[in-house]
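I have placed the structure first, in the form of structure tokens, so that the comments after it can refer back to it.
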Amino acid sequence: MMPNVKIGNLVLDKPIIQGGMGIGVSRGRLAGAVAKEGGMGVISTAQIGYDSPLFRSKPEVANLQELPFEIKKAKYAADGKGAVAVNIMSVTQLYGMYVKTAIDAGADAIISGAGLPVDLPKFALGTDVKIAPVLSSEKAASLILKMWSKRYSCTADFLVMESPYSGGHQGYSREQLENLQQTAEAFDREVQKTALLKSVYEEVYQRKIPLFIGGGIFNAQDKEHFLGLGADGVQVGTRFVATEECDASNAYKQAFVRASAEDVVIIDSPVGMPGRAIRNAFVEKMMKGREEIDFCYNCLKSCNPTTAKYCISQALINAVNGDIEHGLLFCSAKVEQIKGIQTVRQVLEELGV
């Protein structure tokens with residue numbers, strides 16, 4: 001068993017972060033189950049209120065009302081164990097309001113990626129919440145740590161780095177993702193360099209800054225590989241989709257159980273980044289052309305509905321509700337290793353934490 005990891009006054013008996021998965025894949029039920037086992041459960045704010053009666057007319061109101069409810073649900077399920085975090089993409093409209101809402105509702109940590117969360121400390125300073133950027137390189141880590149230190153006289157409480165095997169939006173080019181083995185080897189070197197970089201800030205701020213690695217972590221061997229490179233723990237997303245506690249529909253989960261390696265494709269996201277997903281009728285259609293967007297949820301700063309190939313919110317909502325062929329299913333490059341539906345505890349046992 002792995003030793004626990006301390007993030008300030010937070011103690012993770014199991015040094016594992018459950019990846020934040022929107023829309024509606026990781027809400028209070030899944031996050032609470034992971035926290036109860038001693039890990040860090042993560043709620044994604046991405047259209048978290050998608051099933052609210054208010055969502056179609058007032059999506060931002062629905063999301064901001066749902067977030068505190070899901071945090072409280074997760075904290076109740078956790079029963080004082082582990083930690084409950086919230087993942088907020090830095091390109092989210094009303095970003096600061098989401099951060100403040102999560103903090104006021106009792107979130108233990110805020111994890112933020114999809115670009116560099118330059119202003120995250122501005123909303124978190126003076127509170128007990130822990131903050132962490134999501135990164136893909138030592139260069140990005142250096143930039144954000146230097147910026148936070150200079151602007152806010154603070155540093156990250158922990159770091160999350162995602163490998164090119166990760167699901168969803170990628171911090172890599174299509175060319176890098178098409179040369180996966182070579183990119184993965186380069187990523188290993190980035191992990192080692194980031195482990196050295198953070199030691200500088202640990203010395204300055206006189207505290208430990210744990211490093212968690214995510215992307216394609218499916219078994220104990222994957223975990224041990226990154227621990228050997230200097231990581232303190234791992235982040236796991238896709239494996240938690242196929243659990244009884246996952247907030248998604250059963251049809252959604254079964255799509256992950258059925259997926260083969262050949263079903264995994266790289267798509268273009270409306271936010272201008274490549275993404276990794278399971279091939280289906282929707283993906284095939286988007287590879288050939290554009291789907292007219294007749295309604296905009298105003299969710300992401302970088303998405304223009306007049307030029308976007310499709311509405312990513314609607315595609316993700318369709319999927320999580322079980323309309324698998326007309327939805328978008330983000331996944332890891334190793335999704336074919338999922339063989340059935342398990343419990344959160346079983347997944348953690350197989351990961352050796």
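Side chains of Ile23 and Ser313 form a contact here, defined as non-hydrogen atoms less than 4.5 Å apart. Contact annotation: the side chain of Cys246 never approaches that of Tyr252 to less than 4.5 Å [non-hydrogen atoms, C-beta and beyond]. The shortest distance between side-chain heavy atoms of Asn63 and Gln47 falls below 4.5 Å. Met161 has its side chain within reach of Leu211: a pair of non-hydrogen atoms, C-beta onward, lies under 4.5 Å apart. Contact annotation: the side chain of Lys81 never approaches that of Asp13 to less than 4.5 Å [non-hydrogen atoms, C-beta and beyond]. You'll find the side chain of Val234 stays beyond 4.5 Å of the side chain of Asp222, heavy atoms only. At a threshold of 4.5 Å between non-hydrogen side-chain atoms, the residues Arg276 and Gln170 count as touching. Side-chain atoms of Ile217 and Gln235, non-hydrogen and from C-beta on, never get closer than 4.5 Å to each other.
Contact between Tyr310 and Pro270 at its shortest, heavy atoms only, is O-CG, 3.1 Å. In plain terms, the two heavy atoms of Ile7 and Lys130 that are nearest each other are O-CE, 3.4 Å. What you find for Gly352 and Ala220 is that their closest heavy atoms are N-CB, 4.5 Å. In plain terms, the two heavy atoms of Phe295 and Cys311 that are nearest each other are O-SG, 4.4 Å. Nearest heavy atoms, Pro274 versus Tyr172: CG-O, 3.0 Å. Residue Ile278 comes nearest to Cys331 through the heavy atom pair CG1-SG, 3.6 Å, listed as atom of the first residue, atom of the second, then distance.
Not a single donor-acceptor pair under 3.5 Å links the side chain of Glu336 to the backbone N or O of Ser260. A side-chain donor-acceptor contact under 3.5 Å links Trp148 to the backbone of Val118. Asp247 places a side-chain N or O within donor-acceptor distance of the main-chain N or O of Leu30, the cut-off being under 3.5 Å. Panel note: side chain Asp157, backbone Gly8; no donor-acceptor pair is recorded below 3.5 Å. Glu325 contributes a side-chain N or O that, together with a main-chain N or O of Ala281, makes up a donor-acceptor pair within less than 3.5 Å. A side-chain donor-acceptor contact under 3.5 Å links Ser249 to the backbone of Val320. With hydrogens and angles disregarded, a donor-acceptor distance shorter than 3.5 Å links the side chain of Lys253 to the backbone of Thr243. No donor-acceptor distance shorter than 3.5 angstrom exists from the side chain of Asp108 to the backbone of Ala83, with no hydrogens or angles considered. In this structure a side-chain-to-backbone donor-acceptor pair under 3.5 Å is missing from Thr45 to Ile88. With hydrogens and angles ignored, the 3.5 Å screen pairs a side-chain donor or acceptor of Thr238 with a backbone N or O of Ser332.
The environment of CE in Met97 is sparse: at most 12 heavy-atom neighbours from other residues, nucleotides or ligands sit within 6.0 Å. A 6.0 Å sphere centred on NZ of Lys75 holds more than 12 heavy atoms belonging to other residues, nucleotides or ligands. The 12-atom threshold is exceeded at CG of Asn219, counting heavy atoms of other residues, nucleotides or ligands nearer than 6.0 Å. For Lys73, the NZ atom sits in a packed shell: over 12 heavy atoms of surrounding residues, nucleotides or ligands are nearer than 6.0 Å. Remark: Gln182 CD is loosely packed, at most 12 non-hydrogen atoms of other residues, nucleotides or ligands lying under 6.0 Å away.
Follow the hydrophobic side-chain contacts under 4.5 Å out from Val42 and you never reach Val11; the two are in separate clusters. Hydrophobic clustering, with ILVMFWY side chains joined whenever heavy atoms are under 4.5 angstrom apart, keeps Tyr165 apart from Ile338. Note on Ile16 and Met40: separate hydrophobic clusters, where clusters join Ile, Leu, Val, Met, Phe, Trp and Tyr whose side-chain heavy atoms are under 4.5 Å apart, directly or indirectly. Cluster membership check: Leu94 shares its hydrophobic cluster with Val86, using side-chain heavy-atom separations under 4.5 Å among Ile, Leu, Val, Met, Phe, Trp and Tyr. In the hydrophobic clustering of this structure, Ile17 does not group with Met89; members are Ile, Leu, Val, Met, Phe, Trp, Tyr whose side-chain heavy atoms approach within less than 4.5 Å, directly or through other members.
Here the CG-CG distance, from Leu159 to Leu197, works out to 8.0 Å after rounding to the nearest 0.5 Å. Between atom CZ of residue Arg345 and atom NZ of residue Lys14 there is a gap of 7.0 Å, rounded to the nearest 0.5 Å. To the nearest 0.5 Å, atom OG of residue Ser166 and atom CG of residue Leu177 are 8.0 Å apart. For the atom pair CD of Glu185 and CD of Gln181, the computed distance is 4.5 Å after rounding to the nearest 0.5 Å. We find the CD1-CG distance between Ile48 and Asp51 to be 9.5 Å, quoted to the nearest 0.5 Å. To the nearest 0.5 Å, atoms CZ (Phe240) and CD (Gln342) are separated by 10.0 Å.
Neither side chain, Thr194 nor Glu190, offers a donor N or O lying under 3.5 Å from an acceptor on the other. With hydrogens and angles left out, the side-chain atoms of Asp119 and Tyr152 include a donor and acceptor closer than 3.5 Å. In this model, no donor atom of one side chain and acceptor atom of the other lie less than 3.5 Å apart for Asp104 and Thr101. Defined by atom type and a distance below 3.5 Å, a donor-acceptor pair is present between the side-chain atoms of Asn318 and Gln314.
For residues 41-76, the ring-ring contact (aromatic ring centres under 6.0 Å, His included) pairs, not counting sequence neighbours, are Phe55-Tyr297.
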- Message: Run the side-chain contact (heavy atoms from CB on, under 4.5 Å) test on Lys309 and Ile267 for me, step by step, so that the C-alpha distance in whole Å, both residues' side-chain angles and the decisive distance to 0.1 Å come before the verdict.
- Response: CA-CA 11 Å; Lys309 293 186 69 173; Ile267 64 165; over 6 Å; no

- Does the side-chain contact (heavy atoms from CB on, under 4.5 Å) test come out yes or no for Val347 and Glu245, once each step is laid out? CA-CA 11 Å; Val347 169; Glu245 297 92 339; over 6 Å; no

- Task: Just do the side-chain contact (heavy atoms from CB on, under 4.5 Å) check on Gln254 and Asn250 with the steps written out, would you?
- Result: CA-CA 6 Å; Gln254 291 298 332; Asn250 187 59; 3.7 Å; yes

- Message: Go through it in stages, so that I can follow the logic: the residues are Glu162 and Val134, the test is side-chain contact (heavy atoms from CB on, under 4.5 Å), and I'd like the CA-CA distance, side-chain angles, deciding distance and then a yes or no.
- Response: CA-CA 7 Å; Glu162 291 186 345; Val134 181; 3.6 Å; yes

- Given the rule in the side chain to side chain donor-acceptor pair (under 3.5 Å) test, do Asn179 and Glu175 qualify, once you have shown the distances and angles that lead to the verdict? CA-CA 6 Å; Asn179 294 281; Glu175 182 182 4; 4.9 Å; no

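Screening Lys208, Lys223, Lys6 for a salt bridge (charged side-chain N to carboxylate O under 4.0 Å, His left out) involving Asp232 leaves a single residue, Lys208. Screening Gln18, Lys334, Glu350 for a side-chain contact (heavy atoms from CB on, under 4.5 Å) involving Arg239 leaves a single residue, Glu350.
Using a 4.0 Å cut-off between a side-chain N of Lys or Arg and a carboxylate O of Asp or Glu, Arg258 and Asp263 do not qualify as a salt bridge.
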Under 3.5 Å, sequence neighbours excluded: what are the donor-acceptor pairs made by side chains of residues 135-146?
| residue | atom | partner | partner atom | Å |
| --- | --- | --- | --- | --- |
| Ser136 | OG | Gly171 | O | 3.4 |
| Ser137 | OG | Ala140 | N | 3.1 |

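Applying the ring pair (Phe, Tyr, Trp, His ring centres under 6.0 Å) criterion to His169, with sequence neighbours excluded, gives Phe330.
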